[in-house]
Amino acid sequence: MLKIPVLLVAIAYTTLSMAQESRSYDSYRGLVMAGYQGWFSTPGDGGNRGWYHYQGKDRTFRPGSTNVDLWPDVSEYEKTYKTSFTLDNGEPAYVFSSRDASTMDLHFKWMSEYGVDGIFVQRFVVDQKWPLGKSHHDTVLDNAMVCAKKYGKAVCVMYDLSGMSAGDEKVVLSDIEQLARKYSLFNHKSCPQYLYHNNKPLVSVWGVGFNDGRKYGFNETEAIIRGLKNMGFSVMIGVPAYWREMRKDSERDPRLHQQIKMCDIILPWFVGRYDEESFPGFTQLILDDMRWAKANHVDYAPVCFPGFSWRNMNYQKKGEVVGMARNKGSFYKKQLDFSVKNADMVYIAMFDEIDEGTAIFKIARRVPTSAPGSEFLPLERGVSSDHYLKLTGKAAKKLRKRLGIR
């Protein structure tokens, strides 16, 4: 396992802080933050995971086998990796690795240029138990912490519980204890780029109350929430879209509401729940959710996503397109406009998620030639590759203006 000594990380932060003063993030209020998967690996990136999250169901990344629907625009990346895919002129197509420090630096550079306030860096519980997975995500978080300070952006840890089993709650609590020591999370002057809320460092726990047959339940999630609160963290809880009414994607158990009330922020998951046509009818549910949250003294972060697609991920199972069209950003803009008008904070799904087609970062219009099982969605004609970054930054400005925040 590749390990970066804590001392070296501390020296990097100290040197960087001497070079420039970093903004202190004291609250999620007034921010538009994006989720950041950071899980894309390539052969030769030093992580020994091969093609990870690029690969298809047969574990290969080649024409006819992939997990991603969007192709990244890699024209600005310092390091890229050759694939077996080809463009229409026969030239090889390239991708990036999330592990590379230069990748993270470019992504934060974009956040700075376009006005995205920062990212929630995902830590997958299943990967914490796998040495190569833990090494990868430790490296991604190290790079994010350095780049957030460099560019004056916010960063926050989000634990994705998907795939977790009973007993793995101990993995989460042990990991956050290590991170708190490594990055001095409880010393905000030392680590100003880490996001605080309600005067405490914020940690997000995603995947509470979903009724999709998970191997953990409310006993485990309560142990995580209580453990985090006892350590002195504030907590954002990621729940199903229909959590309040406890129907459709939600467990029907009063413990869901009890655990939400234990937390500081609620994050209902909307990806794939509506498209542009059905979104207006969904807004009343969001407003009712917000009223419930306010009455129960819990802050509310709505999710906005630019589109959705997982054709290649599910191709062999369904053989059909499953998704929500981007419509050149009009779908995304409607969600953003509604959110900045009604909420105090916004969560964007996601910065770099090309698996499910929600990425707001720069994607390619010129994509590799198609084959069954690898049919990529190009950037729409008439919009620039930075279109969704621009829309995000404009929404952040509008939110700050509405709340009177500079």
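These values consider heavy atoms only, across backbone and side chains, with no hydrogens, waters or symmetry-generated copies. Index from 1, following the sequence. Source: prediction; values computed, not measured.
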(request) Measure the spacing between CG of D344 and OG of S339 and express it to the nearest 0.5 Å. (result) 11.5 Å
(request) Can you see which heavy atom on K248 is nearest to which on N211, and at what distance? (result) O-ND2, 2.6 Å
(message) Could you check whether any side-chain heavy atom of K150 comes within less than 4.5 Å of a side-chain heavy atom of F108, counting everything from C-beta outward?
(response) no
(request) Using modelled atom types only, decide if a donor and an acceptor are shared between the side chain of D249 and the backbone of A241 within a distance under 3.5 Å. (result) yes
(request) Taking only Lys NZ, Arg NE, NH1 and NH2, and the carboxylate oxygens of Asp or Glu, determine whether K109 and E113 approach each other closer than 4.0 Å. (result) yes
(message) One thing to verify: whether D264 and K229 come together as a salt bridge, which I'm taking to mean a side-chain N less than 4.0 angstrom from a carboxylate O.
(response) yes
(request) Might you work through the salt bridge (charged side-chain N to carboxylate O under 4.0 Å, His left out) test for K333 and D337, ending with a clear yes or no? (result) CA-CA 6 Å; K333 188 175 184 301; D337 288 345; 2.8 Å; yes
(request) Would you check if V140 and H136 make a side-chain contact, meaning some heavy-atom pair closer than 4.5 Å? (result) yes
(message) Can you tell whether the side chains of D73 and R365 come within less than 4.0 Å, N to carboxylate O?
(response) no
(request) Heavy atoms only: give me the nearest I360-P306 pair and the separation to one decimal. (result) CG2-CG, 3.9 Å
(message) Tell me if a side-chain donor or acceptor on Q193 pairs with a main-chain N or O of M145 at a distance below 3.5 Å.
(response) yes
(message) Determine whether K134 and D175 satisfy the following criterion, side chain to side chain contact (heavy atoms under 4.5 Å, CB included), listing intermediate values before the conclusion.
(response) CA-CA 10 Å; K134 179 171 173 53; D175 185 66; 3.3 Å; yes
(request) Grab the two heavy atoms, one from A144 and one from V121, that are nearest each other, plus how far apart they are. (result) CB-CG2, 3.9 Å
(message) Can you classify the ring geometry of Y332 versus Y388 as parallel (below 30°), tilted (30 to 60°) or perpendicular (above 60°)?
(response) tilted
(request) Give a yes or no on whether a salt bridge exists between K182 and D142, defined as a side-chain N under 4.0 angstrom from a carboxylate O. (result) yes
(request) Go through the steps to decide whether R400 and K397 satisfy the test side chain to side chain contact (heavy atoms under 4.5 Å, CB included), and finish with yes or no. (result) CA-CA 5 Å; R400 285 191 292 272; K397 287 182 179 179; 3.7 Å; yes
(message) Below 30° counts as parallel, above 60° as perpendicular, anything between as tilted: where do the rings of F85 and F61 land?
(response) tilted
(request) May I ask you to decide if G323's main-chain N or O and R311's side chain share a donor-acceptor pair within less than 3.5 Å? (result) no
(message) Can you tell me how far apart CG (L185) and CG (L202) are? Round to the nearest 0.5 Å.
(response) 11.0 Å
(message) Tell me if the NZ atom of K82 is crowded by more than 12 foreign heavy atoms within 6.0 Å.
(response) no
(request) Flag this pair as yes if the NZ/CZ of R99 is under 6.0 angstrom from the six-membered ring centre of Y52 and inside a 45 degree cone about the axis; otherwise no. (result) no
(message) I'd like to know if the side chain of S278 reaches the main chain of D275, judged simply by a donor and an acceptor atom lying under 3.5 Å from each other, with no hydrogens or angles considered.
(response) yes
(request) Please tell me if the side chains of M164 and Y159 come closer than 4.5 Å, counting only heavy atoms from C-beta onward. (result) no
(request) Report yes if the side chains of F338 and F279 come closer than 4.5 Å at any heavy-atom pair, otherwise no. (result) yes
(request) Could you verify whether a donor N or O on one side chain and an acceptor N or O on the other, from T60 and S65, lie under 3.5 Å apart? (result) yes
(message) Just so I know, are the side chains of D105 and Y151 near enough to count as touching, which here means a heavy-atom distance under 4.5 Å?
(response) yes
(request) Give, for atom CG of D69 and atom CG of L377, the distance between the pair rounded to the nearest 0.5 Å. (result) 5.5 Å
(message) Could you go through T103 and K79, starting from their C-alpha distance and side-chain angles, then the distance that decides it, and tell me whether this counts as side chain to side chain contact (heavy atoms under 4.5 Å, CB included)?
(response) CA-CA 8 Å; T103 292; K79 295 180 69 174; 5.9 Å; no
(request) Please answer whether the main-chain N or O of D100 pairs with a side-chain N or O of D45 as donor and acceptor at a distance below 3.5 Å. (result) no
(message) Would the distance check show the side chain of R181 and the main-chain N or O of L179 forming a donor-acceptor pair, the cut-off being under 3.5 Å?
(response) no
(message) Would you compute the distance between atom CG of L336 and atom NZ of K334 and round it to the nearest 0.5 angstrom?
(response) 12.5 Å
(message) Which residue is it: Y347, W269, F120? I am looking for the one with a ring pair (Phe, Tyr, Trp, His ring centres under 6.0 Å) to W206.
(response) W269
(message) Quick check: closest heavy atoms across E375 and N312, and the distance to 0.1 Å?
(response) N-OD1, 3.0 Å
(request) Nearest 0.5 Å please: distance from the CD atom of Q128 over to the CD atom of Q178. (result) 8.5 Å
(message) Let me confirm one number: the OH-CG distance from Y36 to L141, rounded to the nearest 0.5 Å.
(response) 11.5 Å
(request) Please say whether more than 12 non-hydrogen atoms of neighbouring residues, nucleotides or ligands are located less than 6.0 Å from CD in E78. (result) no
(request) Taking R49 for its side chain and W39 for its backbone only, find out whether a donor-acceptor pair lies under 3.5 Å. (result) yes
(message) Apply side chain to side chain contact (heavy atoms under 4.5 Å, CB included) to residues M236 and D299 and explain how you reach the verdict.
(response) CA-CA 9 Å; M236 180 167 77; D299 290 323; over 6 Å; no
(request) Show your reasoning for whether side chain to side chain donor-acceptor pair (under 3.5 Å) applies to H197 and Y25. (result) CA-CA 9 Å; H197 194 76; Y25 285 89; over 6 Å; no
(request) Say whether, by atom type as modelled, one donor and one acceptor occur between the side chain of S165 and the main chain of K215 under 3.5 angstrom. (result) no
(message) Do T221 and V205 have side chains that approach each other closer than 4.5 Å (heavy atoms only, starting at C-beta)?
(response) no
(message) Could you report the tightest heavy-atom contact between G329 and E380, atom names first, then the distance?
(response) N-OE2, 4.1 Å
(request) Measure the acute angle between the ring planes of Y274 and F270, then classify it against the limits of 30° and 60° as parallel, tilted or perpendicular. (result) tilted
(message) Please determine whether the number of non-hydrogen atoms from other residues, nucleotides or ligands lying under 6.0 Å from atom CG of D212 exceeds 12.
(response) yes
(message) Does this structure show an ion pair linking R255 with E222, if we count only N-O contacts that are shorter than 4.0 Å?
(response) no
(message) Is it the case that over 12 heavy atoms from other parts of the model lie below 6.0 angstrom from the CD atom of E277?
(response) no
(request) Could you pull out the closest heavy-atom pair between V346 and L399, with the gap in Å? (result) CG2-CD2, 4.4 Å
(message) Looking at D289 and R244, is any side-chain nitrogen of the basic one under 4.0 Å from a carboxylate oxygen of the acidic one?
(response) yes
(request) Look at the side chain of R402 and the backbone N and O of V340, then say whether any donor-acceptor pair between them is shorter than 3.5 Å. (result) yes
(message) Are the side chains of F218 and D253 in contact, using a 4.5 Å heavy-atom criterion?
(response) yes
(message) So V239 and L256, do their side chains get closer than 4.5 Å, heavy atoms only?
(response) yes
(request) Check for a donor-acceptor pair, side chain of N296 on one end and backbone N or O of W292 on the other, with a separation under 3.5 Å. (result) yes
